[in-house]
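One structure below.
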Amino acid sequence: MGITKMHDRLVTYLMSLKKLLLDTAGNFLVRQWKSIEKKDILSIEDSMLPEVLRIHDEGFENQSSDNLIKYSKNSGSIFYIIKSNDRIVGYCTYYLKPNLSLKGLEKQSVISSIAIDRNFRDRGFAERLLRSTIKEMKVNGVSSILLYVNVDNHPAIQLYEKIGFRIIKQVEDICGQKESCHEMELKLV
Ligand SMILES: CC(C)(COP(=O)(O)OP(=O)(O)OC[C@H]1O[C@@H](n2cnc3c(N)ncnc32)[C@H](O)[C@@H]1OP(=O)(O)O)[C@@H](O)C(=O)NCCC(=O)NCCS
């Protein structure tokens, strides 16, 4: 086997190992999770998935919902829905990851997806969903929340800025192929 091939294999192996370690640590952090009282906001159950997928597909045209299905089943994710009069009107999902910084080992969370039913937008549901779940992140010692948003998604950017997220940098190919996104962060400590 040539040197280049061996190097490529080693890099692939190390990346898989890193992912495995992060997933295991994330699952462990979620198992210790403390829930707080959140009005009209519940953890997802299997029976809610079809409605959540409908809201996802409406909010993200041409984007596969495979990851969302994975998150709903993955014990390392934190997945909430928000209701209005017993009807599911939106969802958001986070995953947890340990982050090694100069301050030591910190808990960081990443918002992997959020959407509100088109007929219920502009009524404060996303803001309520985020504010309540962020409160729960604080109770659980999460030090910062990250997210990635398409640079052209102005409603979402305004929502995140209203809540206190700040743009850190622009990244390519994370939200989708050939898409430019802002990485945004909310510091909690
Ligand atoms: C982005 C989204 C989640 C916002 O949900 P929402 O429930 O309508 O938002 P809220 O009513 O809670 O709005 C809260 C704040 O967000 C901002 N905002 C929301 N919609 C906006 C719009 N269309 N234009 C500008 N700002 C907007 C405003 O700052 C608003 O505060 P204000 O009402 O005091 O002006 C919703 O538009 C959606 O589901 N979009 C499709 C999926 C998506 O893009 N998700 C984000 C991926 S990163």
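Side chains are part of it too, since the values below use all heavy atoms of this structure and drop only hydrogens, waters and symmetry mates. Note that ligands are numbered from 1 as they come in the structure, with each ligand's atoms numbered from 1 the same way. Everything quoted here is computed from the prediction, not taken from an experiment.
- With respect to atom 12 (O) of ligand 1, the closest heavy atom belonging to the protein is E127 N, 2.9 Å.
- Looking only at heavy atoms of the protein, atom 6 (P) of ligand 1 is closest to A126 CB, 3.7 Å.
- Counting heavy atoms closer than 4.0 Å to ligand 1, residue Y160 contributes side-chain atoms (C-beta onward) but none from N, CA, C or O.
- Looking at A156, C181, P155, S112, it is P155 that brings a heavy atom closest to atom 27 (C) of ligand 1.
- Partners of I174 according to the side chain to side chain contact (heavy atoms under 4.5 Å, CB included) rule, which considers only residues two or more places apart in sequence or in another chain, are Y148, V171.
- The pair E127-K162 counts as a salt bridge, with a side-chain nitrogen and a carboxylate oxygen less than 4.0 angstrom apart.
- Judged purely by distance below 3.5 Å, without hydrogens or angles, the side chains of S113 and Y91 pair a donor atom with an acceptor atom.
- Between F120 and ligand 1, no pair of N/O atoms sits closer than 3.5 Å.
- Within the 3.5 Å criterion, the main-chain N or O of D152 finds a donor-acceptor partner in the side chain of N150.
- Looking only at heavy atoms of the protein, atom 37 (O) of ligand 1 is closest to R121 CD, 3.4 Å.
- Ligand 1 has no nitrogen or oxygen under 3.5 angstrom from a nitrogen or oxygen of F60.
- In terms of protein heavy-atom proximity, atom 39 (O) of ligand 1 is nearest to I116 N, 2.8 Å.
- Under 4.0 Å is where a charged nitrogen must lie from a carboxylate oxygen, and between E136 and K138 no such pair does.
- In this structure, atom 8 (O) of ligand 1 has protein heavy atoms in its sub-4.0 angstrom surroundings.
- Atom numbering of ligand 1 starts at 1 in the shown order; those under 4.0 Å from a heavy atom of G124 are 10 (P), 11 (O), 12 (O).
- Contact analysis puts K162 in contact with ligand 1, with a non-hydrogen atom separation below 4.0 angstrom.
- Linking ILVMFWY side-chain heavy atoms closer than 4.5 Å, directly or via other members, places L129 and L188 in a single hydrophobic cluster.
- When only interatomic distances are considered, the shortest N/O to N/O separation between N153 and ligand 1 falls below 3.5 Å.
- Taking distance alone, with nitrogen or oxygen atoms compared against 3.5 Å, G59 stays at or beyond that limit from ligand 1.
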Test log, rule side-chain contact (heavy atoms from CB on, under 4.5 Å), inputs L96 and V142: CA-CA 9 Å; L96 293 178; V142 171; 4.1 Å; yes

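- Per-atom contact check: atom 42 (C) of ligand 1 touches the protein, criterion being a heavy-atom distance below 4.0 Å.
- Protein heavy atom in closest approach to atom 20 (N) of ligand 1: D122 OD1, 3.3 Å.
- Checking only distances, V149 never comes within under 3.5 Å of ligand 1, N or O to N or O.
- Partners of E51 by salt bridge (charged side-chain N to carboxylate O under 4.0 Å, His left out), not counting sequence neighbours, listed by chain and number: R54.
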